[in-house]
Structure formats: C-alpha cells, structure tokens
> 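Please read through the structure below; I'll follow up with questions.
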Amino acid sequence: MGRSTPAFSFSLLASLALGFVLVVQTQQNPGFISIDCGATNAYIEKENNIAYQTDEGFIDSGKNMQISTEVIYRTSLQLSKNLRSFPNGTRNCYTLRPDRGKNNTYLIRASFWYGNYDGKNQTPSFDLYIDTNYWSTVGSSIFFNEEMMYVSQADDIQVCLVNTGNGVPFISALELRTLGDDIYRLGSGFLQLHWRYDIGQSSKTYIRYPIDVYDRIWTAKNYNLWFILNTTYAIDLSEDNDAYKYKVPGDVVRTAQRSMKASSPMYLQWTPSISTNRWIVYFYFVEIERLADGLQREFTISINDNQIKTTVSLEYLKPVIVVSTAVTGSLISFSIESTNNSGHPPILNAMEYYTFSDLSNVPTAQDDVKAINGIKVMYYIERESWQGDPCVPSYYKWDSLNYSYGNPPRIISLNLSSSGLKGLIATSISNLTAVVSLDLSNNSLTGSVPDFLAQMPSLRVLNLSGNNLNGSLPQTLLKKKPKKKGISVAPIIASVAAVLVLISLGAPAVLWIIKRRQIQNGAAVTTTTTFGGSTGTLELSKNRHFTSTEVARITDNFRTIIGEGGFGKVYFGRLHNGSQVAVKMLSQSSKQGYKEFYREAQLLMVVHHRNLVSLIGYCEEFENTALIYEFMSNGNVRQHLSARNPNVLTWSQRLQIAINAAQGLEYLHNGCKPPIIHRDLKTPNILLNENMQAKICDFGLSKAFVTEQDSYISTCPEFHILGHSSQKSDIYSFGIVLFELITGHPAIIRSPEGSMHILHWVTPFIERGDIQSIVDPRLNDQFNISSVQKAMEIAMACVPMNADERADMNCVLSELKECLTVEIISGRSQRMGNSERRSEFDTTTMELDSHPYAR
Ligand SMILES: *[C@@H]1O[C@H](CO)[C@@H](O)[C@H](O)[C@H]1NC(C)=O
Ligand SMILES: *[C@@H]1O[C@H](CO)[C@@H](O)[C@H](O)[C@H]1NC(C)=O
Ligand SMILES: *[C@@H]1O[C@H](CO)[C@@H](O)[C@H](O)[C@H]1NC(C)=O
Ligand SMILES: *[C@@H]1O[C@H](CO)[C@@H](O)[C@H](O)[C@H]1NC(C)=O
Ligand SMILES: *[C@@H]1O[C@H](CO)[C@@H](O)[C@H](O)[C@H]1NC(C)=O
Ligand SMILES: *[C@@H]1O[C@H](CO)[C@@H](O)[C@H](O)[C@H]1NC(C)=O
Ligand SMILES: *[C@@H]1O[C@H](CO)[C@@H](O)[C@H](O)[C@H]1NC(C)=O
Ligand SMILES: *[C@@H]1O[C@H](CO)[C@@H](O)[C@H](O)[C@H]1NC(C)=O
Ligand SMILES: *[C@@H]1O[C@H](CO)[C@@H](O)[C@H](O)[C@H]1NC(C)=O
Ligand SMILES: *[C@@H]1O[C@H](CO)[C@@H](O)[C@H](O)[C@H]1NC(C)=O
C-alpha cells in the first residue's frame with residue numbers, strides 16, 4: 001500500500017502533552033484489546049487511559065526488542081519504545097479473541113516504528129495479513145499505523161506478519177476495538193483506512209479515546225483555502241439522528257471548514273498509487289452556524305465528475321453522514337457545491353477515506369482449525385509454520401498436513417510421525433472429519449487405541465506403529481478389517497477396491513490401513529494428494545458430490561471411453577434419472593494435471609452459462625477424482641468440420657456455433673468479475689449437444705481467481721493488466737475458430753508439402769479479395785456471400801499481431817449476429833422465390849432475438 005501520508009505520524013506523537021493525570025481505571029477498557037508488542041509489563045497509558053498488555057497469550061514466537069537509545073527520547077508514547085521482532089519463520093501470527101466473537105465489526109490497528117532497534121539502520125519491508133487475506137505491505141521508517149474496519153469471519157482474528165525476504169518483520173503495537181451497530185460494514189470485505197480528518201480543528205493535534213469511544217484517531221486538518229469555524233454548542237447525538245450509531249465525537253464535528261463564498265465549491269482531489277483501489281469516503285456534516293430564519297445550508301456532493309452525486313440539507317446541530325459508494329480511478333476528485341436555493345457556502349466537518357478490499361481467501365473449516373489447534377496445544381507442538389490458518393494461503397500451509405481445496409478447505413492428511421508426541425491419542429483428532437490419512441507412528445503415545453478412530457468417516461490410512469499403546473483394538477476398528485491376518489488384498493466393490501490391511505508388529509504396536517486401489521490399472525497406491533492452490537469463492541456444496549462407488553455405477557464400471565485428454569480418460573455415464581453424463585477421471589499418472597483439473601472444477605462451480613459446458617458433480621475421494629459434466633452428444637466442432645464427417649455443417653449452423661461460442665466467451669470476459677480468460681479456445685474445445693448448441697469446455701488453463709504464483713490475490717492490479725492482455729489472446733483464438741468454420745480447415749493445415757498455419761493460408765486470398773477460394777468447398781455454394789464476407793472481416797478483426805488492435809468480444813458477438821441475420825434473410829428471400837442474392841440488408845429492422853436461431 002503506497003500512500004502519501006501516514007495516518008498518524010511520529011511528530012504528532014512527540015508533541016503530546018505530558019503530565020496529564022487521569023484516574024486509572026481498575027477495569028480494562030471493555031471491548032478493547034491493546035497489546036504493546038515487546039513490552040515487558042502491562043501498564044496504563046496516561047495519555048489516553050488505555051490499558052496495554054504484553055504479547056503473552058497472543059503469540060508464542062518472536063523476541064522483545066527496544067528501539068535504539070539514540071531515538072528513544074523522541075517519543076513519549078510508551079508503546080512505540082519497544083517492539084517484537086520475528087527473525088524465524090515465514091509467517092508469525094497474533095491471535096486475538098474478542099468477546100463478541102465472529103461476525104462483528106472491529107477496528108484493528110497495527111503500529112510500527114523501526115527506530116533502528118537492530119542497529120542496522122535499514123528499515124525492513126514485510127507483509128501484513130488479516131486472517132487468510134493480504135492486508136498491506138509495511139516498510140516505513142517513521143512511526144506508522146495500519147488500520148482497518150473488519151468483520152470477523154471466525155471467533156478468533158489473526159494478524160500475521162509475513163517475511164517476504166526484505167528484512168525481519170516486527171510490530172510495535174496491536175489494538176482491537178469492538179464496534180457496535182453494524183457500522184463500517186460494507187459487504188464481505190474490509191475497509192482499509194487511509195486518512196481520517198477532523199476538519200477545522202485548531203486546538204488539538206488529534207482526538208482519540210476516551211473522547212472517541214471507539215478510539216478512532218481523528219487527525220486535525222485545516223485547508224488554507226477554506227474558512228475555519230467552530231461552535232461550543234452541544235451536537236445533537238440523539239438516537240433519531242444519523243450520527244448516533246457512528247458515535248462520532250462532538251469535539252470532532254464541532255469544528256468545520258466552509259468555502260469562502262456560496263458560489264465557490266469545496267474541491268478536493270488525490271491520485272491513488274493504485275488506480276484499481278475502490279475508494280469509500282465517509283463525510284460528516286453538521287450545521288454549526290446559526291443561519292437567519294428560514295434559511296438552510298444545502299449542497300451537492302459529487303465524486304469523479306458525477307459518478308456519485310447526492311444532495312444534503314442541514315439542520316442546526318444535527319449531524320448528517322454520507323457514505324460514498326466505491327469509486328476507482330487514477331484521479332479521485334470530489335466537490336461539495338451549494339445548491340442555488342441555499343445561499344450559503346458548503347461546509348465539511350470531518351471525513352474518513354478508506355479503500356475496500358475483498359476477502360478472497362476462504363479460511364479452513366473452523367472445526368478443523370479448532371481440532372488441529374487442540375492437537376497443537378495438547379502435544380506442545382512448536383513449529384515455525386504452525387501459526388495462522390493451517391491451510392490458507394497455500395504458501396504458508398502448516399508442515400505435516402495436507403488439505404483439499406474447496407469452500408471451505410479441509411484438512412485431509414496429518415503426518416506427525418516421529419514428532420515426539422507424548423500422552424494419549426488426542427480426542428480432538430476425532431473432529432478432523434475429512435482426514436483420509438493419519439500417521440502418528442514412531443512417537444511415545446500411551447493408553448489404548450480410541451474407538452473414535454473407527455468413526456472417522458474418511459479415514460483410509462492410519463499408522464500407529466512405534467508407540468507404547470496397550471490393550472486391544474476396539475471392536476469397531478476390527479469390524480473394518482478383513483478376516484485374514486497379515487497383508488491381504490480383497491476387492492470389495494466392483495473395481496473400486498477397498499482393501500483392509502492389518503499388520504501386527506508385536507503387542508504394543510497397531511497398524512491399520514485401508515488401501516484404495518486405483519481404478520484404471522488396479523495398482524494399489526497410498527499416496528496422498530494435495531488439492532492445493534486457490535480457494536476463490538468456490539461453493540462445492542452447490543454441485544453434487546459422488547462417491548467413487550457411484551462413479552463406477554454411473555459409468556457401468558468404466559465401460560465406454562468417449563475421450564481422452566491430458567488429465568486422463570473421459571467415460572460415458574448415466575445418472576439414476578437416466579440423464580446422460582460425461583465423466584472425466586483424473587489419471588494418477590497425471591501429476592501435472594492436478595492443478596488444471598482443480599482449476600477447471602473451481603471455475604465451473606462458480607461460473608454458469610448456457611454456452612459453457614456445465615458441471616453436474618464431482619468425486620473427490622482419496623485417489624479417485626472425477627468431474628461429471630452434462631453429456632454433449634454431438635462431439636466437438638473439429639470433428640464436424642473434418643473432411644471425414646459426411647454430415648456437412650451448413651453455413652447458418654456454423655454461424656450459430658460461432659455465436660454460441662462467442663456468447664460463452666463474452667460472458668467469461670465481460671460477465672465475470674474478475675474476467676476469466678479461457679486461454680485454450682479451439683475447435684476441439686467447443687462441444688455440441690443434441691440440438692447442435694455449442695458450449696465451450698476445457699477450462700484447465702483458464703485464469704481468473706488464480707495468478708501464476710498462487711491464488712490469494714484476486715484484486716491485485718497486475719492481475720487486471722494481465723487479464724486485459726490475455727483476453728485479447730482469447731480473441732485471437734476465436735478468430736482462428738472463425739477461420740476454421742469458414743474454411744473447414746484445421747488451425748494447422750497439414751499437407752505433403754508440410755504444415756501451414758491457417759492464417760498464412762488465408763491471408764494471400766483475402767489480400768486478393770478472393771473469398772470464394774477460401775470458403776469450405778463442402779458448403780457447395782449454399783451461403784450468402786456477404787454473410788461469409790462479413791464473417792471473414794470479423795475473423796480478421798480478431799487476429800492482428802498487435803493485441804491492442806484486436807476487436808473485443810462484445811463487438812464480435814453483435815457483428816456475428818448480423819452475419820446470421822444476413823444469412824437468414826437471404827435464405828428466406830430465396831425461398832420466397834427471389835433468387836437474386838442481396839448484398840446489403842437493413843439489419844436494424846430485424847428482431848433477431850425473436851428468431852429461433854437466436855438464443
Ligand atoms: C530462531 O531460531 C534459532 C535456531 O533455531 C533459535 O536459536 C532462536 O532462539 C530462534 N529465535 C526466536 C526469536 O525464536
Ligand atoms: C452477521 O451479522 C449480520 C448483521 O448483524 C447479519 O445480518 C448476518 O445474518 C450475520 N451472519 C451470520 C452468518 O451470522
Ligand atoms: C474555535 O475557534 C477559536 C477562535 O478562532 C479558536 O481559538 C479555538 O481554538 C477553536 N476551537 C477549536 C476546538 O478548534
Ligand atoms: C444555478 O444557477 C446557475 C446560474 O444562475 C445556473 O447556471 C445553474 O444551472 C443553476 N443550477 C441549478 C441546479 O438549478
Ligand atoms: C502432502 O502432499 C505431498 C505431495 O503430494 C506429499 O509429498 C506429502 O507427503 C503430503 N503430506 C502429508 C502430511 O500427507
Ligand atoms: C509420514 O512422514 C514420514 C517421514 O517424515 C514418512 O516416512 C511417512 O511415509 C509419512 N507417512 C505417510 C502416511 O505418508
Ligand atoms: C523414530 O524417531 C526417532 C527420533 O524420534 C528417529 O531417530 C528414528 O529414525 C525414527 N524412526 C523411524 C522408523 O522413522
Ligand atoms: C468437536 O467439535 C464439536 C463441535 O464443534 C465440539 O463441540 C467438540 O467439543 C469437539 N471435540 C473435541 C474433542 O474437540
Ligand atoms: C508406519 O510407520 C512406521 C514408522 O514410521 C514405518 O516404519 C512403517 O513403514 C509405516 N507403515 C506404513 C504401511 O506406511
Ligand atoms: C494401558 O496403559 C495405561 C497407562 O499408560 C494404564 O492405565 C492402563 O491400565 C493400561 N491398559 C491395559 C489394558 O493394559
């Protein structure tokens with residue numbers, strides 16, 4: 001986050017008045033958590049009567065440090081004198097447990113002052129995370145606050161410092177304030193503070209707790225161009241007033257500025273360092289001048305040339321709060337301008353500037369988080385990575401466990417082999433209900449093997465050998481194992497073989513394993529898989545989950561292969577209700593395919609459109625991973641264009657296919673936020689159903705929620721820039737598809753002389769204006785030449801070398817519809833006996849949408 005001024009600068013702190021003695025509260029400030037990081041004792045800050053605690057109980061890692069004695073005299077504020085630094089581990093997290101728990105709004109403020117504590121004179125830079133989401137990058141040499149308004153997603157809130165390789169992270173203070181009345185709550189995201197101004201204030205440098213019960217820090221601000229005013233009268237903060245729930249302090253709004261005369265607007269602007277930032281501005285207005293009878297101050301607030309416009313009229317001493325909707329741009333400007341019937345200059349009492357950020361990374365399932373933390377506490381597991389969310393973001397996943405991606409992600413394997421665990425087997429393990437593989441071998445676990453292990457629904461691999469467990473195996477566990485002793489392999493259901501293995505390694509050791517055979521080749525494997533990567537806004541639950549047994553039944557034991565891709569084989573299947581499906585299995589040998597397979601699943605679970613092939617369900621069971629799609633009985637477009645296909649597609653069918661595909665692509669580019677780039681559009685990836693309706697498939701290379709490195713930033717500006725250029729690469733691919741539809745040739749034309757790209761083949765003909773020679777001879781002249789000509793022009797508009805010159809999907813789509821109109825009209829006029837082909841039509845009179853060809 002680059003910003004031009006710190007929200008709260010060191011000089012302000014330094015100028016604090018000293019010697020002000022307040023009555024020390026015996027009870028802590030309710031709803032507050034105030035940590036002076038690096039402090040050795042708890043204390044009450046005299047300046048504001050806030051009780052600060054040490055780090056204890058909030059974080060285990062890191063060490064306490066003090067800022068350099070050369071600069072320590074510059075500050076009177078105790079919390080800035082020391083800090084906690086984190087030389088070890090990539091991610092170190094504070095855990096805050098506010099009383100109100102989840103789904104409540106909190107102000108969270110982290111303070112930093114490097115103060116050359118390490119004597120290196122080099123300010124480090126590192127990232128700050130709020131739970132699983134990126135908050136900000138810290139790298140300031142002066143005292144600095146990062147502050148946000150956050151709606152907690154879980155009972156705990158974690159603030160994490162992430163080492164990005166640019167120095168050792170540290171923190172000076174961490175504060176949480178519980179807000180009431182659902183204020184500062186805008187959708188599912190957080191508001192990051194940039195500035196908060198008490199306008200017209202001239203007696204204090206800032207106002208905070210106890211004057212502001214929520215401990216917002218209002219910095220005094222006076223603009224030279226404007227007139228300063230203030231009042232000593234009490235502001236009306238009664239419950240029937242707008243401002244009541246914001247609890248904005250009277251001292252803040254009793255001061256204001258107004259423009260010099262009624263005809264001059266108040267005008268402010270700034271240039272954000274990131275133009276994609278979504279700005280939200282809170283304006284506070286109170287009439288503090290007593291105006292002559294009957295007159296009222298009235299003004300209009302406009303942001304970014306009327307992007308947002310609202311009119312406010314004020315009553316004496318009654319506050320009005322205006323919250324803008326999100327504005328973006330490389331220049332943000334707003335004006336407050338008197339209306340003609342006001343006759344008084346516009347006024348402004350206070351304001352807050354925030355940017356809105358999404359919470360794109362869904363945290364791990366809370367029951368899993370609680371269970372794994374229970375295990376961590378019970379066995380005193382101290383590992384650098386065991387902080388923050390166990391699985392998200394995947395960069396900072398805890399060691400020794402793996403998870404399945406999904407909404408929410410789940411822990412699916414835990415390997416605490418040789419980890420020095422002592423004591424009984426932790427009951428919290430029973431709450432890791434998605435765990436498939438559990439390895440607690442080679443520890444010092446004692447007691448008996450608990451019954452709950454047999455109840456764990458997904459557990460397939462359990463290794464308890466090398467412990468001091470006693471007693472016998474619980475009956476329930478025994479029921480799961482086959483009769484034979486030793487290693488045995490016994491297929492249970494069809495080809496999905498659940499194999500129970502009991503290995504007796506002498507009295508104290510128990511090992512129980514269920515192996516699951518791989519479907520395709522029958523080779524038994526026990527590898528676990530990471531369903532790593534992105535989380536996005538996936539909703540797994542919307543799609544049906546199938547067990548591997550069901551998959552085997554649906555596909556009649558994988559009887560009919562209808563295709564084979566990079567991931568593995570695609571089988572024909574039939575659901576209970578008789579509807580036909582295609583079942584894509586992820587082959588075990590396709591390690592690389594995992595990412596793409598999951599990317600596709602993720603995308604299709606959130607994105608739905610009639611021209612995108614739809615996902616019906618999925619199977620995610622240990623090694624058996626399958627995606628189940630609607631069945632597209634007419635195969636792919638490439639097959640239809642092939643010279644071997646006796647049923648030649650007509651020109652209007654081809655146009656219809658192009659329009660369908662264009663609609664699908666247009667939806668991905670313009671209907672999805674952020675836009676989705678297919679990246680692998682080609683005729684084999686356009687499928688046709690029984691009605692010859694075309695749908696795009698194969699989203700394995702698509703990009704949307706995921707960036708190259710990982711998934712967790714969906715709002716980063718680079719992404720949009722990337723998105724822009726890659727959209728144009730889809731357009732290029734679409735142009736090639738159009739050329740294939742026109743010519744019937746594949747993208748790479750193979751001949752005895754060698755291979756040639758279709759574009760190289762068509763270009764000389766187009767340059768000569770010779771359209772007839774390009775058109776698929778199998779169309780047998782059954783087309784309207786101007787329709788084909790237009791299609792050719794559209795295709796050409798898609799393929800310029802310079803991506804910026806390529807058309808956009810919206811435009812391509814509407815032009816294609818016109819092509820179809822031309823073709824249909826000409827077809828109709830032919831049927832009506834008019835054999836003369838018209839070359840120009842007034843397409844504007846056509847109601848394309850009412851025509852059955854237009855969907
Ligand atoms: C960092 O790790 C080293 C080596 O493991 C250890 O000696 C040191 O105490 C650790 N420091 C902190 C602050 O945890
Ligand atoms: C969270 O709180 C809001 C407002 O108080 C409420 O409308 C919403 O239903 C709550 N959501 C959950 C999941 O409890
Ligand atoms: C109000 O205005 C008076 C006179 O201009 C000034 O002395 C005083 O400091 C102002 N009060 C505040 C709170 O700004
Ligand atoms: C206000 O008055 C000015 C000049 O008399 C006029 O140009 C403007 O359109 C008026 N605005 C409105 C909103 O009536
Ligand atoms: C997690 O998955 C990786 C890659 O598949 C594997 O190497 C590792 O052993 C797994 N870890 C656990 C704890 O299962
Ligand atoms: C657990 O990890 C150990 C090594 O740390 C490895 O030997 C063992 O195979 C793993 N167990 C499983 C079930 O993957
Ligand atoms: C068991 O753990 C010890 C250390 O705790 C280690 O030295 C040994 O190699 C481990 N044995 C196996 C089989 O992993
Ligand atoms: C398991 O989860 C349930 C529900 O969240 C909770 O009530 C229970 O205490 C948990 N059990 C253990 C052993 O952690
Ligand atoms: C179970 O764990 C022990 C000790 O870590 C190991 O030697 C053994 O190979 C494991 N068994 C299986 C089947 O992975
Ligand atoms: C198992 O060991 C525990 C102590 O580790 C003991 O209390 C218990 O009686 C033992 N149970 C059996 C069946 O030996």
Side-chain angles (χ1 to χ4, degrees), residues 197-207 211-212 218-223 226-235 248-258 286 288-289 347-350 364 368 372 375-376 379 381 383 385-386 390-391 394-395 397-405 409-422 429 432 434-445 458-468 503 505-506 508-509 511 513 525-533 586 588-595 597-598 620 622-623 625:
Y197 290 145
D198 173 5
I199 294 171
Q201 175 66 255
S202 48
S203 70
K204 297 191 176 92
T205 50
Y206 67 88
I207 286 173
I211 296 174
D212 185 324
W218 301 86
T219 312
K221 183 82 183 171
N222 289 306
Y223 293 94
W226 302 338
F227 186 79
I228 296 173
L229 38 145
N230 69 35
T231 184
T232 49
Y233 287 98
I235 303 296
V248 54
D251 281 2
V252 168
V253 287
R254 263 197 291 273
T255 63
Q257 283 193 283
R258 61 162 171 78
V286 188
I288 54 173
E289 283 187 305
I347 192 172
L348 181 58
N349 305 59
T364 306
D368 283 5
I372 196 80
I375 295 166
K376 177 183 166 183
Y379 296 122
I381 298 173
R383 298 192 184 190
S385 69
W386 280 44
C391 315
S394 56
Y395 284 162
K397 174 186 87 61
W398 294 9
D399 326 314
S400 308
L401 58 80
N402 277 328
Y403 68 99
S404 70
Y405 102 116
R410 301 292 311 266
I411 295 172
I412 57 162
S413 70
L414 179 63
N415 186 348
L416 291 174
S417 166
S418 312
S419 300
L421 311 186
K422 290 191 184 75
I429 288 174
L432 290 173
V435 158
V436 174
S437 167
L438 178 64
D439 191 339
L440 300 175
S441 64
N442 196 26
N443 285 300
S444 309
L445 296 171
S458 312
L459 194 63
R460 297 284 177 274
V461 175
L462 175 67
N463 192 345
L464 298 176
S465 67
N467 284 295
N468 306 317
I503 308 169
L505 297 175
L511 165 70
I513 278 184
V525 281
T526 51
T527 47
T528 32
T529 45
T530 319
F531 310 147
L586 176 62
Q588 286 304 300
S589 57
S590 169
K591 278 262 185 293
Q592 162 64 24
Y594 247 116
K595 219 167 149 186
F597 203 79
Y598 276 91
E620 186 189 271
F622 206 26
E623 291 99 53
T625 311

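Given the structure is predicted, the values throughout are model-derived calculations rather than measurements. Order of listing sets the numbers, starting from 1, for every ligand and every atom in it. Note that these values count all heavy atoms, side chains included, but never hydrogens, waters or copies made by symmetry.
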> Before signing off on this row, confirm whether Thr255 and ligand 3 have an N or O atom pair separated by under 3.5 Å.
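No; the residue has no nitrogen or oxygen that sits under 3.5 Å from a nitrogen or oxygen of the ligand.
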> Using a 4.0 Å cut-off to any heavy atom of Ser418, which atoms of ligand 7 qualify?
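Here the atoms of ligand 7 in question are 1 (C), 2 (O), 10 (C), 14 (O).
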> Would you please say whether a donor-acceptor pair under 3.5 Å links the side chains of Ser417 and Ser441?
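The answer is yes; a qualifying pair exists.
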> Do protein heavy atoms approach atom 4 (C) of ligand 7 to less than 4.0 Å?
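Given the 4.0 Å cut-off, atom 4 (C) of ligand 7 does not count as touching protein heavy atoms.
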> Looking only at distances, can you tell me whether any N or O atom of Asn402, backbone or side chain, sits closer than 3.5 Å to an N or O atom of ligand 5?
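Between Asn402 and ligand 5, an N or O pair is found under 3.5 Å apart.
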> Would you tell me which option among Thr231, Asn230, Val252 has the nearest heavy-atom contact to atom 6 (C) of ligand 3?
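Going through Thr231, Asn230, Val252 one by one, Asn230 has the nearest heavy atom to atom 6 (C) of ligand 3.
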> Is any side-chain N of the basic residue among Asp198 and Lys204 closer than 4.0 Å to the acidic one's carboxylate O?
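Not counted as a salt bridge, because no side-chain N and carboxylate O are separated by less than 4.0 Å.
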> Does atom 14 (O) of ligand 3 have a protein non-hydrogen atom under 4.0 Å from it?
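True for atom 14 (O) of ligand 3.
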> For ligand 3, which atoms, with element, lie under 4.0 Å from some heavy atom of Ser203?
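Once the distances to Ser203 are compared, the set is 9 (O), 12 (C), 13 (C), 14 (O).
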> Please work out, at 4.0 Å between heavy atoms, whether the side chain, the backbone, both, or neither of Ser437 comes within that distance of ligand 5.
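Neither; no heavy atom under 4.0 Å.
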> Between Arg410 and Ser458, do the side chains contain a donor N or O and an acceptor N or O under 3.5 Å apart?
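Looking only at side-chain atoms, Arg410 and Ser458 do not form any donor-acceptor pair under 3.5 Å.
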> Quiz question for you: does at least one protein heavy atom lie closer than 4.0 Å to atom 9 (O) of ligand 3?
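Within 4.0 Å: yes, protein heavy atom nearby.
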> Check ligand 5 against Ser400 and write out every atom of the ligand that is under 4.0 Å from a heavy-atom position of the residue.
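Close to Ser400: 13 (C).
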